[in-house]
> 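Before I ask anything, here is the structure I am working with.
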Amino acid sequence: MDQPEHAPTRPLEQLKIINWAQVRAGQDWIRSRGLTMQQAFVLSYLADSPGAIQRDIAQATRTTAANVSGVLRGLEARDLVERRFEHGDERSKRVFATDAGIELVAGREEAMIAVDESILAPLTRSERAALQTLLNKITADLPILGDS
């Protein structure tokens, strides 16, 4: 496949193109469900961590409790999450994704794996193995995404 004249030629520029294709596919998947990125992240988090408190959600999403409160209000209005009092204590609310909320974000991982497969489709099995080896070598001493 021929590259356009203005196509990036430096390896890390090309990796940015790959990353952008992944991000765009993820955004399209989320938008197709009528969600924002934050709403999808919160729903996914609650599907994995039912009964989380708002502070935990804020920490996981790296945002403020006030921002999470707004996201939760929007999700509650669509019956995608519900807040419940813990043991009758009105000061302690736990947040749960509803079945509809869980269903809405189900399949995201599989969709992203399919995107990765389509990106890697031009490579043979041995080329994929070689790419993995090179990427392992490059990333060996880099911080893991999300680590401080």
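We count residues from 1, following the sequence as given.
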> Indicate if V23 and W29 have the same hydrophobic cluster label, given that clusters are the connected sets of ILVMFWY residues with side-chain heavy-atom separations under 4.5 angstrom.
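No, because V23 and W29 fall into different hydrophobic clusters, even though each may have its own neighbours under 4.5 Å.
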> Can you list the residues that meet the salt bridge (charged side-chain N to carboxylate O under 4.0 Å, His left out) rule with R125, with sequence neighbours excluded?
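Scan of R125 (salt bridge (charged side-chain N to carboxylate O under 4.0 Å, His left out), adjacent residues dropped) gives none.
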> Just jot down the side-chain hydrogen bond (donor to acceptor under 3.5 Å, both in side chains) partners of N19, sequence neighbours excluded, or say none.
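Listed in chain order: nothing, the list is empty.
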> Please check if I102 and L35 belong to a single hydrophobic cluster, counting links between Ile, Leu, Val, Met, Phe, Trp and Tyr side chain heavy atoms closer than 4.5 Å.
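Cluster IDs for I102 and L35 differ.
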> Side chains of V71 and T61: closer than 4.5 Å at any heavy-atom pair?
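Side chain of V71 against side chain of T61, heavy atoms only: no contact under 4.5 Å found.
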> Just list the side-chain donor-acceptor pairs under 3.5 Å for residues 105-115, sequence neighbours left out, or say none.
none

> Just jot down the side-chain hydrogen bond (donor to acceptor under 3.5 Å, both in side chains) partners of R55, sequence neighbours excluded, or say none.
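Per chain and number, R55 pairs via side-chain hydrogen bond (donor to acceptor under 3.5 Å, both in side chains) with no residue.
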> Does N136 have more than 12 heavy atoms from other residues, nucleotides or ligands lying within 6.0 Å of its CG?
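Enclosed.
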> Report the hydrophobic cluster partners of L134, with the cluster defined as I, L, V, M, F, W, Y residues connected by side-chain heavy atoms closer than 4.5 angstrom, directly or transitively.
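Members alongside L134: none; it stands by itself.
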> Could you check whether any side-chain heavy atom of Y45 comes within less than 4.5 Å of a side-chain heavy atom of I57, counting everything from C-beta outward?
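They are in contact (side-chain heavy atoms under 4.5 Å apart), so the answer is yes.
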> Applying side-chain hydrogen bond (donor to acceptor under 3.5 Å, both in side chains), name anything that partners Q27, two or more places apart in sequence or on another chain.
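side-chain hydrogen bond (donor to acceptor under 3.5 Å, both in side chains) check on Q27 returns nothing, list empty.
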> Between atom CD of Q39 and atom OG of S44, what is the distance when rounded to the nearest 0.5 Å?
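One finds 11.5 Å between CD of Q39 and OG of S44.
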> More than 12 heavy atoms of other residues, nucleotides or ligands under 6.0 Å from CD of Q22: is that the case?
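Yes, CD of Q22 has more than 12 neighbouring heavy atoms, counting only those of other groups under 6.0 Å.
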> Do R73 and S69 pair up side chain to side chain, a donor and an acceptor below 3.5 Å, judged on atom types alone?
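There is such a pair between these side chains.
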> Assess whether atom CD of E103 is packed by more than 12 heavy atoms of other residues, nucleotides or ligands within 6.0 Å.
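No, CD of E103 has 12 or fewer neighbouring heavy atoms, counting only those of other groups under 6.0 Å.
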